[in-house]
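Here is the structure we will look at, set down as structure tokens.
Sequence lines set the chain letters: A, B, ... in the order given, protein chains first and strands last, and positions in each chain run from 1.
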Amino acid sequence: MTELSKHFDPAAIEARWYAHWEEEGLFRPDRPEADPWTIVNPPPNVTGSLHIGHALDNTLQDILVRHQRMLGKDALWVVGTDHAGIATQMVVERQLNEKQQKRTDFSREEFIAKVWEWKEESGGEITGQLRRLGCSMDWSNERFTMDEGFTKAVTKVFVDLYNDGLIYRDKRLVNWDPGLKTAISDLEVETHDIPGKFWHFKYPLADGVTLDNGQDYIEVATTRPETMLADMAVAVHPSDERYASVVGKQVVLPITGRRVDIVADEHADPELGSGAVKITPGHDFNDFEVGKRAGFAASGMLNMLDAEANVCQTADGLVPEEFIGLHRFRRDEVDGARELVVVRMKELGCLIPHVTKDKDGETQEQDAEPRTIATPFGDRSNDVIEPWLTDQWYVDAEKLAVEPMAKVRSGEIDIVPKSWEKTFFNWMENIQPWCVSRQLWWGHRIPAWYDAEGNFYVATDESEAQAQAGEGVALTQDNDVLDTWFSSGLWPFATLGWPEETHDLKRHYPNNVLISGFDILFFWDARMMMQGLHLMGEVPFHTLYLHGLVRAADGQKMSKSKGNTVDPLGLIDQYGADALRFFMAAMESQGRDIKMDEKRVEGYRNFATKLWNASRFCQCNGIGASKTLAAPKADLPVNRWIISETVTTLNALNKALDDLRFDGAADTIYHFVWDKFCDWYLELIKPEMDGAGAGECRDVAGWVLDQILVMLHPFMPFITEELWHAMGERNYDIIVAKWPDPRADIDAEAASEIGWLIKLISETRTARAELNIPPGAKLTVHVRDASAATLERLERQSAALARVGRIEKVSSDAPPEGSAAQIPVDEATYILPLEGVIDLDAEKARLAKALEAAEKEASSLDKRLSNPQFVEKAKPEAVEKARADHAEKAAEADRLKAAIERLG
RNA sequence: GGGCGCGUAGCUCAGCGGGAGAGCACUGCCUUCACACGGCAGGGGUCGCUGGUUCAAUCCCAGCCGCGCCCA
């Protein structure tokens, strides 16, 4: 037992306890006989540092795992970091740039060695920060998505999925990121509306053909003029009569002079513009489908851009010389192919100007119509994505999505809150093939080898591939790596040793709960379900809990570029990790984003200080660690009452934790500690501390404080561990203490007595405050109309009334003449003779106000009760309650009336 | 265009069929021997609007207005 310092300083205890827990192996105590309980941490990027979203995500997980550990489970929280292909490669490349070097100055092997070097030196900063937050992860088995075991797992998964026909190689349009020069998946594309233009062009009809109206060209409109260099058709709607006569005929493309067919396709919207659209299958997803329907093979589709999306020559004479090497569109103040196409079209008389009238009625001509364009951007590079025709590896996501959907439907996977199910199904039902190859160097290299003819062999290693290809065939491995999410999707089982049949794997898969932000529902959660179910044959987790975003105080999304981020470590420095954690829990109501509110963090720091001081009080009064897990025997009502309140609180807390209502759990413990334990219980036992009941009070107070520390520990691990030890000798740390088991019932009699006592003291205080009686004044009270039971209570609680209520003496004698304050509580009325101290009119006004309120309530209840429909149809409990409430309010009104009459 | 969610006290949020709650902020009193990061008392809301269902609606249903997010 150590004496608590007068001021609570979180920083003074946090580091010490964390190091202690970790050194003692208490994050994963050896419990071979216990039921396993498992949660895996969404592996943060190895490049990352702790942001406020991590603080939320990890606090919630830590609350659950600490709770389960205290329930005696073999609780495992798997932790590790993600190699984060693109992000990490970008970090290292940026460092090279600072030294005027670039990736391609090095061989692949040299570059990868540099990344590993960076990882060893600077990576994983976040793991230290998670420790500062108090997260009790199993660091002894820390994993990395590129460690040896993971590589083995990833390779096996790729080969197995390939052999199962669920991975294939295909040539089709992908989302190409010209900044990073890699393909990315649909999910990595963010569409933003940006201002753009809509140009209208004339495409002359070939061979002297005209439309029915005599027009010798077709008007097409486009937001991407540059792609006309690779146009392969013009499409019109099959039922569009304006063009029916020219379907099957051709147009001559201006600038290049190439002839392309006019095709009928439902993609063309007759309502939009002229109803005719140019078709560029090599650079537009819709046009790709139109092109396929028009009979073009993917390999025959025209491409005019290189990997950086600059214009290039890919077929003999396809692109006029002056365009070669230009950007797609204006960039860095330099016009690109888009601008040059418009210039040439204008010169050729093929540009149809956009005509508007200004406010004076004057006609204005512009080259193009201003328009907002939904434009795809790469989420990492922020470059405009170019649909590009390449060979890539795809996962047949549609097939893999079947089982996850079935498991969510059957309830084997419970998505919390349920409202996300619809979003989940909507995406899964419309899932597209998942492009998993990336043209990067940092990542899991694809286990496929090619021979000189372009045949490929998918195998676990080169020798297996060689065996497939036959001896003597020269093989080269695929240069690409896998999407980072392909490997993190294996996290729930690969971290446990899969593909080895390890002990941990058998015990801890499926995981119990997964907690993640909803922003990675598709990226990660759904992929774990797909891969877990296919490879393990079982769900990866039984409950998927999705939380929202932590937003800035003004509701804006936090982002580095906006400069409105809040650093969780700064908050920890200022208020302590416990306060930040409690804030996160208290604000986490299911399904709503959290707005940052620093005042509230401060409030929970104050809460920690309150608990600290309450413990100091206990310490100074000989109250210490409880000897028993079960509630001590108690005779005094105040002790029986606080034991009952503890049981009630524990039940509510258990329910909230079971329901994953973190806010409800935090709220429950907060109010018990502050409102019940500190504000009433400790005050009420003060007068007992040197009386006959002192021993019992010490036992009970010590026990209740222990229960508080244990119940609060998952939320505030540091202060509770500190106080746990400060209160007395312990055989174990609180982190591995047993969850409360009071073995006590609710004591209705004690609850009623203390409820009455609290009411009496509160009412007296209110009267004092309203009548400006000095708070310190010690009063004599005359009681009238009291029942025998109440008189007994008054006698029994006289010490508490004196100390807490400042009611020195209770007398059954008639009060002296003169002005007095009158306080009805239950059946009795308490009279404070205050001749000369109070203003009679003030007391009359006070009682009149109370009477008005009581009568108002009574009459509203009366109205309800006199409605026969209510009495007939309402639930009996509701009727009964209304009757009881009415009787109480009516009686209260009567007593108030009598009190007013007595004043004359 | 489709989907989801939100609009409750000045602010941040709970509640979601029986007549409204918390924290912060605000007002008054209190240096009472755990705590001024505190104690005691108090003020403040036609629960976005309009209809409907019901004995009863902040809560359920429909429509509208405003705000946010996701997918096309």
Specify the separation, in whole Å, of atom [atom1] of [X] and atom [atom2] of [N].
{"X": "F522(A)", "N": "C71(B)", "atom1": "CZ", "atom2": "P", "answer": "7 Å"}
{"X": "K599(A)", "N": "C37(B)", "atom1": "NZ", "atom2": "C1'", "answer": "10 Å"}
{"X": "K875(A)", "N": "A57(B)", "atom1": "NZ", "atom2": "P", "answer": "14 Å"}
{"X": "D593(A)", "N": "C67(B)", "atom1": "CG", "atom2": "P", "answer": "18 Å"}
{"X": "N426(A)", "N": "G1(B)", "atom1": "CG", "atom2": "C1'", "answer": "13 Å"}
{"X": "D667(A)", "N": "C13(B)", "atom1": "CG", "atom2": "P", "answer": "16 Å"}
{"X": "K557(A)", "N": "G68(B)", "atom1": "NZ", "atom2": "P", "answer": "14 Å"}
{"X": "D379(A)", "N": "C71(B)", "atom1": "CG", "atom2": "P", "answer": "11 Å"}

Describe the nucleic acid contact of [X] in one word from base, sugar-phosphate, nothing, applying a heavy-atom distance below 4.0 Å.
{"X": "T423(A)", "value": "nothing"}
{"X": "E429(A)", "value": "nothing"}
{"X": "R605(A)", "value": "base"}
{"X": "K856(A)", "value": "nothing"}
{"X": "H671(A)", "value": "sugar-phosphate"}
{"X": "M587(A)", "value": "sugar-phosphate"}

Closest approach to the side chain of [X], judged atom by atom: which nucleotide of [options] is it?
{"X": "R661(A)", "options": "G23(B), G15(B), C35(B)", "result": "G15(B)"}
{"X": "C678(A)", "options": "A14(B), A34(B), C37(B)", "result": "A34(B)"}
{"X": "S419(A)", "options": "G5(B), C55(B), U12(B)", "result": "G5(B)"}
{"X": "R551(A)", "options": "G19(B), A14(B), G68(B)", "result": "G68(B)"}
{"X": "K422(A)", "options": "C35(B), C4(B), A25(B)", "result": "C4(B)"}
{"X": "N606(A)", "options": "U12(B), G18(B), C37(B)", "result": "C37(B)"}
{"X": "R592(A)", "options": "G23(B), C55(B), C6(B)", "result": "C6(B)"}
{"X": "A874(A)", "options": "G18(B), A34(B), C13(B)", "result": "G18(B)"}

Can you check the distance between [N] and [M], where both ends of the measurement are the [atom1] atom (answer in whole Å)?
{"N": "G48(B)", "M": "G10(B)", "atom1": "P", "value": "13 Å"}
{"N": "U46(B)", "M": "U12(B)", "atom1": "C1'", "value": "23 Å"}
{"N": "C61(B)", "M": "G7(B)", "atom1": "P", "value": "14 Å"}
{"N": "C16(B)", "M": "C30(B)", "atom1": "C1'", "value": "40 Å"}
{"N": "C47(B)", "M": "C26(B)", "atom1": "P", "value": "27 Å"}
{"N": "U31(B)", "M": "C35(B)", "atom1": "C1'", "value": "13 Å"}
{"N": "G68(B)", "M": "A34(B)", "atom1": "C1'", "value": "46 Å"}
{"N": "G5(B)", "M": "G15(B)", "atom1": "P", "value": "14 Å"}

Inset, instruction - Could you say whether N613(A) or S860(A) is positioned toward the 5' end of RNA chain B, judged by the nucleotide with the nearest heavy atom to each? - result: S860(A)

Inset, instruction - Could you check D663(A) against A614(A) and say which one's nearest nucleotide on RNA chain B is further toward the 5' end? - result: D663(A)

Inset, instruction - Going by the side-chain contact (heavy atoms from CB on, under 4.5 Å) test, name the single residue among M428(A), M529(A), M530(A) that passes it with M405(A). - result: M428(A)

Legend entry - Residue of the set V174(A), I184(A), N175(A) for which side-chain contact (heavy atoms from CB on, under 4.5 Å) holds with C435(A): V174(A)

Can you check whether [Y]'s main-chain N or O pairs, donor with acceptor, with [X]'s side chain at less than 3.5 Å?
{"X": "H283(A)", "Y": "P387(A)", "value": "yes"}
{"X": "D414(A)", "Y": "L544(A)", "value": "no"}
{"X": "E14(A)", "Y": "I572(A)", "value": "no"}

Inset, instruction - Sugar-phosphate means primed atoms, P, OP1 and OP2; the rest is base. With that split, encode nucleotides 40-45 of chain B 5' to 3' as B, S or - using protein heavy atoms under 4.0 Å. - result: SSS---

Legend entry - N/O donor-acceptor pair, side chain Q590(A) with base A14(B), under 3.5 angstrom: no

Inset, instruction - Output the distance between atom CZ (R846(A)) and atom CD (Q822(A)), rounded to the nearest 0.5 Å. - result: 9.0 Å

Legend entry - Pairwise distance CG(D186(A)) to CH2(W434(A)) - rounded to 0.5 angstrom: 12.0 Å

Legend entry - Watson-Crick or G-U stems of RNA chain B, 3 or more pairs, under 3.5 Å, by first number: B:1-7 with B:65-71, B:10-13 with B:21-24, B:26-30 with B:38-42, B:48-52 with B:60-64

Inset, instruction - Check whether more than 12 heavy atoms from other residues, nucleotides or ligands sit under 6.0 Å from atom CD of E289(A), and answer yes or no. - result: yes

Less than 3.5 Å apart, which donor and acceptor atoms pair up between the side chains of residues 850-857 of chain A and the rest of the protein, not counting sequence neighbours?
none

Inset, instruction - Classify the angle between the aromatic ring planes of F677(A) and Y681(A) as parallel (below 30°), tilted (30 to 60°) or perpendicular (above 60°). - result: parallel

Inset, instruction - Give the ring-plane orientation class for F377(A) versus H192(A), where under 30° counts as parallel, over 60° as perpendicular and anything between as tilted. - result: tilted

Inset, instruction - Compute the centroid of each ring, for F582(A) and then for F607(A), and state whether the two points are separated by less than 6.0 Å. - result: yes

Legend entry - Below 4.0 Å: OP1/OP2 of G38(B) and any side-chain N or O of K610(A): no

